[in-house]
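All chains are named by letter (A, B, ...) in the order of the sequence lines, taking the proteins before the strands, and each is independently numbered beginning at 1.
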Number of protein chains: 4
Amino acid sequence: MAAQEPEDTARRRAPRVDAIRNREAIVEAASAVLAEQGTAVDVREIARRSGVGMGTLYRHFPKKEDLVHTVLRKDFSEWAESARQAAVDAEDPWAALTAFYEQALTGYARHRAIMENFSLTWTVPDLEGLQQLRRVIERLCAGAAGLLRPGVTVDDLLLLLVSLGHAVQITDDCRPQMWNRLLRISLDGLRAEHHEPLPADTAPGTRPPGPDREVRPSGPSHPAAGS
Amino acid sequence: MAAQEPEDTARRRAPRVDAIRNREAIVEAASAVLAEQGTAVDVREIARRSGVGMGTLYRHFPKKEDLVHTVLRKDFSEWAESARQAAVDAEDPWAALTAFYEQALTGYARHRAIMENFSLTWTVPDLEGLQQLRRVIERLCAGAAGLLRPGVTVDDLLLLLVSLGHAVQITDDCRPQMWNRLLRISLDGLRAEHHEPLPADTAPGTRPPGPDREVRPSGPSHPAAGS
Amino acid sequence: MAAQEPEDTARRRAPRVDAIRNREAIVEAASAVLAEQGTAVDVREIARRSGVGMGTLYRHFPKKEDLVHTVLRKDFSEWAESARQAAVDAEDPWAALTAFYEQALTGYARHRAIMENFSLTWTVPDLEGLQQLRRVIERLCAGAAGLLRPGVTVDDLLLLLVSLGHAVQITDDCRPQMWNRLLRISLDGLRAEHHEPLPADTAPGTRPPGPDREVRPSGPSHPAAGS
Amino acid sequence: MAAQEPEDTARRRAPRVDAIRNREAIVEAASAVLAEQGTAVDVREIARRSGVGMGTLYRHFPKKEDLVHTVLRKDFSEWAESARQAAVDAEDPWAALTAFYEQALTGYARHRAIMENFSLTWTVPDLEGLQQLRRVIERLCAGAAGLLRPGVTVDDLLLLLVSLGHAVQITDDCRPQMWNRLLRISLDGLRAEHHEPLPADTAPGTRPPGPDREVRPSGPSHPAAGS
DNA sequence: CATGAATGAGGTTTCATTCAT
DNA sequence: TATGAATGAAACCTCATTCAT
């Protein structure tokens, strides 16, 4: 209504160039900071590293959570995609599985916020990236059907990824590639020559009803002691 | 001033009864709270559950860190000991190894602060409990020498423990015992019938000097981008 | 430089068409928004509803206050005028007074910003609209001279308007027309059959010098207590 | 459990003396500040005037709202009580009504936060103080039954109080006692010699359903124009 | 010596105003 | 000239730590 451009209506106003640059700077800085320090970072640190003011940051991402989610969605997707690609490029089904884990663990497992989120939400299939990841693993499972130990599920492979991802997080700074040894061990343990059944996963969905947490046979009781 | 004066001791001991009881109450409450909520917990929560005031708590432990360390040392030791005992009670070397992991993961892996700390400090052999744990694993390794895949180190087994411990943390609430499947897989992967050498752990001590973190082949580089 | 040069004017006018349209759009949107939400509203809300950018808004009105004042002057004047007209159309002096209040309270008393401002500035006869209003009331007073209780002043009638305006603001949403009952009561109280003199308005101009606020006989003193 | 006092268990720990002093200081300062500036004040201003730190303030009142409510409840109750007492002390029913309004308006009507809240919540009979006030007015109504104009309701008298309270707020600084003239007018308008019925309060409960706000006969439409 | 109230730096979020495009 | 992105000073609230009682 106000301020009409004579014949340029089709062309969108240009000045978003810097806005886009800023948004990207924010996301990039946030990605770096979140990777380094996890989601507990001070928003100011992100603003400082992006070179923008707090207001700019909050213009693009009204809540800290919004920024974190945006970054995680992006990084998580890229992560899943890079791992998928590594699997696709492999020569045989088992090599695909191996390459998948290697790429996944090499590429992003040091991203603290991703691992944080992965750990917190791996059972909640709401995240796009997580779904992607699960689909990749499903395909790998299908492809390596005869080679995989019977009874191994997609959830097992996903949990293995989280678990090894954590190992990467805590070793990669001081012992790069040490996690690779665990990976070999686990992959070997996944092969078909192991015939014993895996222990039943008693609660496929959620916690089973019944007396709460009587899992621990001999450990001390205080972690469960209410007060 | 004097280290131990018999007649002084009598006068001093009376008030210390309370002090000792308080200290124990604090440590016990802190253990429960730290197990449930991790080290990010509010100190007040600990004081509340101990039934002591903040001042008392801070008299015994001048910094939150001091309390946390005290608790962790104790719980970590108990943890190591319970796992050790489970191993000792086993019938054969491999059963000992299995029992060790089962007990360790069943008993304390839900202790959030322990796992936090374990993850942070597992390379720093300053903690008493960690040393204990390492000694237990050393003995298990020695005992199961012929059964263990060649090349497996104590550090591997320790890292496997951290890694599976994390899996316990994130699965035990919604999928109890799911981690047990990962444990079987890993233990099978540890058996001697796997003959391939494990990949070299290139950095036995700390990060090697040189170009920082060029580990990642294709992942984006921002996590390493300092600023 | 030159005040009015015919041929310059032609060149200048072209761009100003937009400017004028924008200015009007801003004022109109601001009027609506200020009426709804009062002066505490976010400037962005006004820009959004005007369909102009922040820059344009601030070009026309360098400070939020400028825009608010402009809107209030205009709306206040229209308000005064509509009330005046209602009074003029009435058949007799008392009906004029009644019609004046009815129109004033019906027409604009829900305009939050107007009432806010009316309350804040009713003693400061700087505003044009307020002067208008006062003139209307003066005329009504003069017309209804014999019918009005002796001693009633223009200020009384003005304050009555503010006071009832507030009643409208707080009742009109949940109890429409309830304020009308208060209006009847007040108008009846204004009639000449009441012979007692009104209490003296001790300070016709501003606060009298002297001990600060010793008005309150028995109420607690903290509202006046500085600290 | 911890730290038992030998035989003083019945006596409560003393050191709350300063806490109580602080709490009172906070409430008192808050009362003053809220009276002066309304509920939009900066919490820091209250902390500063109380002479306590932010933490202390937030220890006693975890949310700003808690503090505001506490102060308002107290001041509102005191207000209602002082007005009630003034009415009780009066010689006859009409004098009681008069004294009630005079005291109410003299004592607290300058308390901005009270009036803010009164205006916002006068239809919501949740507040204790409001209930008190309503009860006082009910009794006054009953007592002055024959003297009050027929058809006058408790809600009318309550709204009159809000309305005149607003008049006090905006006049008392520059024209003390001017509101008293409005009070006389209104009280005279409330007397029984006025026989015309008051206009019906069409919506006793809430807004009637139907086309929204077609109340305004000739006023401009923008205040209602949503967007 | 125990208590728990007090402290204040630091975290997230909002909004009037300015400025590059 | 119009745009709307950028700015940064508050505002609210939390929590490790200290200190008066």
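- When the nearest nucleotides of DNA chain F are assigned to A/R59 and C/H60 by heavy-atom distance, the more 5′-ward of the two goes with C/H60.
- In secondary-structure terms, DNA chain E builds stems of at least 3 consecutive Watson-Crick or G-U pairs, each pair having both distances under 3.5 Å, at E:2-21 with F:2-21.
- Distance, B/R48 CZ to F/dA16 P: 12 Å, rounded to whole Å.
- Evaluation of the side chain to side chain donor-acceptor pair (under 3.5 Å) test over residues 38-47 of chain A, restricted to residues two or more places apart or in two chains, returns A/T39-A/E116, A/E45-A/R48, A/E45-A/R49.
- C/T56 and C/N22 share no donor-acceptor pair across their side chains, judged by distance under 3.5 Å alone.
- Between B/N22 and E/dC1 there is no side-chain N or O to OP1 or OP2 distance below 4.0 Å.
- Every side chain to side chain contact (heavy atoms under 4.5 Å, CB included) that C/R112 has, sequence neighbours left out, goes to C/Q169.
- At a threshold of 4.0 angstrom between heavy atoms, the contacts of A/G53 are confined to the sugar-phosphate backbone, with no base atom among them.
- The distance between atom CD of B/E45 and atom C1' of E/dG4, rounded to the nearest whole Å, is 16 Å.
- With sequence neighbours left out, C/S119 forms a side-chain hydrogen bond (donor to acceptor under 3.5 Å, both in side chains) with D/H166.
- Between A/H111 and A/L72, the closest side-chain pair of non-hydrogen atoms falls below 4.5 Å.
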Produce a footprint string for nucleotides 11-18 of chain E: one letter per nucleotide, 5' end first; B if the base is under 4.0 Å from any protein heavy atom, S if only the sugar-phosphate is, - if neither.
SBBBBBBB
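- Closest-nucleotide positions on DNA chain F for C/L57 and A/R21 were compared, and the one nearer the 5' end corresponds to C/L57.
- Residues A/H69 and A/D66 have side chains not in contact (no heavy-atom distance under 4.5 Å, counting atoms from C-beta outward).
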Evaluate C/R21 against C/D18 for salt bridge (charged side-chain N to carboxylate O under 4.0 Å, His left out), listing each step before the verdict.
CA-CA 5 Å; C/R21 227 192 4 241; C/D18 269 28; 3.1 Å; yes
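- Remark: B/Y58 pairs with B/V43, B/M54, B/K64 by the side chain to side chain contact (heavy atoms under 4.5 Å, CB included) rule, at least two apart or across chains.
- Here the C1' atom of nucleotide F/dT1 and the CD1 atom of C/I20 are 14 Å apart, to the nearest Å.
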